[in-house]
Amino acid sequence: MARPLSRRAFLGGSLALGATSLLAACGGESNDPGSGSGAWSFTDDTGNTVNLDRRPTRVAGLNDAVASLWNYGIEPVATFGYTALADDVNFEGKDTSKVTEVGTTYGQIDIEALMAQEPDVIVTHAYPVDSAGTLDPKKPLYGFNDLEQQELVGRIAPIVAIAMAGSATEVVDRTVEFAKSLGVTDQDLAKPKQDYEAARERLRAAVSSELTVMAVAAYPGEGVHIAKAEDDPALRSYTELGMSYPDPGGSEYYWHSVSWENITDHRTDVVLYSLRAMDGDAMLEQPTFAQLPAAKAKQLYPWEFSSMDYVAQAKTIDRLAANLEKARKVT
């Protein structure tokens, strides 16, 4: 990308606000008499505390966030994000026919359609602006085109934001806290958590060979954007298990961008490629990239983004471990 990359590298899109005037009639409360009894409160990662007179039962939100809740048994009433649910691997195997998609391009949200679903709460993510995990209140939460759109959505129902900061283990834990506030029990979580921990142990064993790893998003006319492990929750959690991930250098947050000519300065045993950029075969067509030890050994594997929950993370970590188990030291 010629422009500065975001954490997810695919921000953008135009604004679809719908009829703003209808918002005045929307109080964000569900009319479902079967809602959980008793007051409900949750403080999100921006420090905002949401108080409701009953536990939310109608949840809407960003694809990435509601995918995790669905893996714990909470089906969303509406979703928005950067793609359609049918094209999102986090929803594979799920019947999405009853879910209203109010936005399938980043920043485009059909306000009227969202309002019609009468959500009790809307969940999304908050991405930091630096390695310290700082959240900028002057910037919209992830999924929103701008603060104006975010404010309009917040008038439909209160917004809860989970920060995509620190290690994935922390994000997973925070997502669990939110899910439990919505009624998910320890018994519901027992088997998913066991699978998650088993996958982490498998990865710990797989990285004991001290293979060096680099994760990238590459584009033909732009070069290679190398992710910094300390700034990506998933990559950071892998390094905590022992994965060797060289610092690519550079002063920018999250990415260090290099030209195709200079990619040969970054030699690792394994390259993980973003599923939203050039794949391994396409990168091999670049002569300089093809000179890398990982390229010569054909040790190019997918860099998956999966929702931050026990279920999705266990599958992703298992697949990564399986790939690293068959890789060998080539640097």
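Remember, predicted model here, so these are calculated numbers, not experimental data.
Going from atom CG of N63 over to atom OG1 of T96 covers 10.5 Å, rounded to the nearest 0.5 Å. With rounding to the nearest 0.5 Å, the separation of CD in E170 from OG in S237 is 10.0 Å. Separating the CD atom in Q149 from the CG atom in L141 is a distance of 11.0 Å, to the nearest 0.5 Å. Distance NE2/H225 to OH/Y254: 12.0 Å, rounded to 0.5 Å. If you take OG on S274 and CZ on F305, they are separated by 11.0 Å, rounding to the nearest 0.5 Å. Distance check: Q150 CD to I122 CD1 gives 10.5 Å after rounding to the nearest 0.5 Å.
With a 4.5 Å cut-off on side-chain heavy atoms, D195 and V311 do not count as touching. Two residues are said to be in side-chain contact when any heavy atoms from C-beta on lie closer than 4.5 Å; H125 and D64 meet this criterion. The shortest side-chain heavy-atom distance between F289 and L300 falls under the 4.5 Å cut-off.
Taking each heavy atom of G107 and N145 in turn, the nearest pair found is O-CB, 3.5 Å.
Residues Y106 and Y82 place their aromatic rings such that the two centres sit no closer than 6.0 Å. Checked against the 6.0 Å centroid criterion, the rings of Y273 and Y301 do not qualify as a close aromatic pair.
The local environment of CD in E252 is sparse, with at most 12 non-hydrogen atoms from other residues, nucleotides or ligands closer than 6.0 Å. Atom NZ of K94 is surrounded by more than 12 heavy atoms from other residues, nucleotides or ligands within 6.0 Å.
Tested against S306 for a side chain to side chain contact (heavy atoms under 4.5 Å, CB included), the candidates V89, N71, T316 yield a single pass: T316. Just one residue in the list V160, V184, D45 forms a side chain to side chain contact (heavy atoms under 4.5 Å, CB included) with F178, and that residue is V160.
A donor and an acceptor atom, one from each side chain of T175 and D309, are nowhere located under 3.5 Å apart.
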Given Y245 and Y238, is the ring pair (Phe, Tyr, Trp, His ring centres under 6.0 Å) satisfied, shown in steps?
CA-CA 9 Å; Y245 194 104; Y238 304 157; 9.3 Å; no
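In this structure, the side chain of Q299 engages the main chain of D269 through a donor-acceptor pair within 3.5 Å. In this structure, the side chain of T105 does not engage the main chain of Q108 through any donor-acceptor pair within 3.5 Å.
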